[in-house]
Amino acid sequence: QVSLVESGGGLVQAGGSLRLSCAASGRSFSTYAMGWFRQAPGKEREFVAGIGWSSASSYADSVKGRFTISRDNAKNTVYLRMNSLKPEDTAVYYCAAGSRITTRTSTYAYWGQGTQVTVSS
């Protein structure tokens, strides 16, 4: 069992930066693949970035070069650094834990409650 708590969301102007954190409790955090997803109003939840136990990472095309995912296994925490934010990045951001990095929500067994990111133009 893994419990996930996101933090770091907020309101930022276009072009600004934010760093989201996801703190995990439970055993064997280092063995999980971790993902960040987002969901805008009226849209489906979509994959943003993922990082494996070995720190191999994957990104959605829409955030490549702007977002960076990282993890600190000693702190049981995964991060999402978001630079050059755009209004279309506005969404609730969720972290998730699963057995491997995929873009499908169904492959992640554990989810946080989400944190709101709002980018103003």
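Along the sequence shown, the residues carry numbers beginning at 1. Atom set for the values below is all heavy atoms of this structure, side chains included, hydrogens, waters and symmetry mates excluded.
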Trace of the side chain to side chain contact (heavy atoms under 4.5 Å, CB included) decision for L4 with M34: CA-CA 10 Å; L4 303 172; M34 301 298 297; 3.9 Å; yes

For the residue pair S30 and W53, what are the closest heavy atoms and their distance? O-CB, 3.0 Å

Close side-chain approach of M82 to Y93, heavy-atom, < 4.5 Å: yes

Compare all side-chain heavy atoms of F37 with those of T103 and state whether any distance is below 4.5 angstrom. no

Within 45° cone of Y108 ring axis and under 6.0 Å: R100 NZ or CZ: no

Quick one: CG on L18 to CG on N83, what's the gap to the nearest 0.5 Å? 9.5 Å

Any non-hydrogen side-chain atom of R81 less than 4.5 Å from a side-chain atom of S70? no

Any side-chain heavy atom of Y79 sitting closer than 4.5 Å to one from I69? no

For F67, ring pair (Phe, Tyr, Trp, His ring centres under 6.0 Å) partners two or more places apart: none

Compare all side-chain heavy atoms of T118 with those of V12 and state whether any distance is below 4.5 angstrom. no

4.5 Å side-chain heavy-atom contact, T77 and F29: no

Is K86 paired with D89 through a side-chain N to carboxylate O contact shorter than 4.0 Å? no

Let me see the working for W36 and I51 under side chain to side chain contact (heavy atoms under 4.5 Å, CB included), right down to the final yes or no. CA-CA 9 Å; W36 283 99; I51 187 166; over 6 Å; no

Distance flag, aromatic centroids of F47 and Y59, threshold under 6.0 Å: no

Within the distance-only criterion (no hydrogens, no angle test), does the side chain of E6 pair as donor or acceptor with the backbone N or O of Q113 below 3.5 angstrom? yes

Is R38 reaching over with its side chain to a backbone N or O of A91, donor-acceptor style, under 3.5 angstrom? no

If every non-hydrogen atom of Y32 is compared with every non-hydrogen atom of A97, which pair is closest and at what distance? CD2-CB, 4.1 Å

Same cluster or not: are V63 and I101 linked, directly or through other Ile, Leu, Val, Met, Phe, Trp or Tyr residues, by side-chain heavy atoms under 4.5 angstrom apart? no

Under the 6.0 Å and 45° cation-pi test, does R45 pair with W111? yes

Closest approach of S120 to L11 (non-hydrogen atoms, all atoms of both residues): CB-CD1, 4.3 Å

Report the distance from atom CG of N76 to atom OG of S3, rounding to the nearest 0.5 Å. 11.5 Å

So do Q13 and L85 actually touch side chain to side chain, heavy atoms under 4.5 Å? no

Mind running side-chain hydrogen bond (donor to acceptor under 3.5 Å, both in side chains) on T107 and T102 for me, showing each step along the way? CA-CA 7 Å; T107 59; T102 78; 2.4 Å; yes

Of the options V92, L80, L20, which is the one that meets T115 in a side-chain contact (heavy atoms from CB on, under 4.5 Å)? L20

State, to 0.1 Å, how close A14 and P87 come at their nearest heavy-atom pair, and which atoms those are. CB-CD, 4.1 Å

